[in-house]
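For reference, the structure is listed below as structure tokens.
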Amino acid sequence: MSARDVRDYAAQVSAALARLDPEARARLLDDLEEHLDEVAAESDVPLEERLGPPESYAAELLAAYRAGAVEPARAWRRSPRLRWLVAAATLLLLVAACLAVGGWIAGTRSAEARQWSYAQLTEKARAGQVGRVEVAGDSVVAVDRSGERHGVVDAGNSVELAQTMTQAGVDMVYRPAPSGNYWAAVLLPNLILLALLGPVAVAILVAAGVLRPRARPTAG
Amino acid sequence: MSDGGADTTQLLKGVLDLAVLAVLAERDSYGYDVVRRLRESGLTAVGDASVYGTLRRLHQSGALSSYAVASDEGPHRKYYGLNDTGRALLDRSATAWLGVTRAMDTLLNGRGAGR
């Protein structure tokens with residue numbers, strides 16, 4: 001048996017284990033060549049005939065190496081409790097992110113919910129407390145000097161409103177009428193968020209071993 | 001491969017750790033010597049790769065110590081030996097194994113008539 005046969009065989013075993021991380025592979029194959037040298041020294045029959053194809057040798061080796069104990073770094077993936085903990089944490093994170101976005105949107109809206117009547121608006125406008133008034137379709141929102149937004153109920157005739165505001169020195173801003181309803185406004189950003197975070201969550205769950213990607217091809 | 005090769009291989013998977021520990025308890029050995037001694041003791045179906053993988057795992061898990069010894073032919077040999085962890089593991093596994101074999105003997109009682 002030539003030394004080259006041993007090198008070749010060892011290299012092919014190593015190549016068959018390419019999907020292991022390099023460090024784990026190096027640990028596993030640490031003295032494979034020396035070991036194969038011993039095997040080779042005993043007989044003139046080629047290694048491949050005695051030990052089978054390098055790929056099956058690699059598969060058998062890995063199976064024996066992984067039997068029972070797994071590598072410490074991967075042990076947590078085997079623990080069902082930890083796996084579910086990771087799954088729960090991921091889902092919690094996802095829900096929290098959705099709630100945060102929903103809450104933020106609801107927050108902007110509830111600010112508008114601190115409503116003024118038309119009389120209040122006129123009064124505040126004359127007192128110089130209103131920065132501008134935004135008109136978008138039926139919705140009229142007054143923004144006060146501190147930047148806070150107030151929905152105006154029963155703003156009435158927009159021409160009259162514009163005259164009163166202009167007299168009071170308040171800017172009028174016209175915007176296109178908002179489309180969709182409240183739920184669309186809350187749900188849409190959430191759906192976008194889900195679309196962004198979903199793959200991340202799935203990736204985490206796959207890594208945690210909770211979800212299984214399609215069975216990987218097994219050697220041997 | 002011995003008679004009933006596939007069956008024996010399947011059975012061996014469960015006890016290879018114990019067999020390897022037992023061989024090393026007798027005296028320290030390098031990889032291929034372990035294979036040879038297992039086969040000499042009757043475990044002819046034992047796979048070279050299985051023994052190598054088992055040795056690496058037991059070493060990795062801290063049950064075996066290893067050291068290099070210069071050899072007459074070729075490069076150094078890596079010898080494996082039991083440390084305290086390994087000896088404790090062997091004791092535990094041996095007790096468990098003896099329990100299983102006793103139970104199996106009872107279960108299979110009478111089948112050894114042709115012995």
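Letters A, B, ... are given to chains in the order of the sequence lines, protein chains preceding strands, and every chain is numbered from 1.
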**OP:** Mind listing the closest non-hydrogen atom pair of S50(B) and A64(A) along with its distance?
**Re:**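 Minimum heavy-atom contact is O-CB, 3.2 Å.
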
Original post:
Which pair of heavy atoms, one from E60(A) and one from D48(B), lies closest together, and at what distance?
Top reply: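 That would be OE2-N, 4.1 Å.
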
Subject >> Segment of L28(A) engaging chain B (4.5 angstrom heavy-atom cut-off) >> reply: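 Contact with chain B involves both backbone and side-chain atoms of L28(A).
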
Subject >> Per-residue contact mode, V51(B) against chain A (heavy atom under 4.5 angstrom) >> reply: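 Neither part, no heavy atoms under 4.5 Å.
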
**OP:** Scan E34(A), E33(A), E38(A) and name whichever one has a salt bridge (charged side-chain N to carboxylate O under 4.0 Å, His left out) with R77(B).
**Re:**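 Only one option passes, and that is E38(A).
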
Subject >> Side chain Y52(B), main chain L36(A), donor-acceptor under 3.5 Å >> reply: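 No, the answer is negative, given that no donor and acceptor are paired below the 3.5 Å cut-off.
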
**OP:** Among L51(A), D31(A), V13(A), single out the residue with the greatest number of heavy-atom pairs under 4.5 Å to chain B.
**Re:**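 Among L51(A), D31(A), V13(A), the one with the most close pairs to chain B is D31(A).
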
Subject >> side-chain contact (heavy atoms from CB on, under 4.5 Å) between K78(B) and H35(A), worked out >> reply: CA-CA 9 Å; K78(B) 186 184 244 175; H35(A) 178 80; over 6 Å; no

**OP:** Can you spot which of D30(A), L29(A), L32(A), L61(A) makes a side-chain contact (heavy atoms from CB on, under 4.5 Å) with R56(B)?
**Re:**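 One option only clears the test, and that one is D30(A).
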
**OP:** For the pair Y65(A) and L55(B), evaluate side-chain contact (heavy atoms from CB on, under 4.5 Å) and give the outcome as yes or no after the intermediate values.
**Re:** CA-CA 8 Å; Y65(A) 184 65; L55(B) 279 171; over 6 Å; no

**OP:** Kindly compute the distance separating CZ (R27(A)) from CD (Q60(B)), expressed to the nearest 0.5 Å.
**Re:**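 The CZ atom of R27(A) sits 4.5 Å away from the CD atom of Q60(B).
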
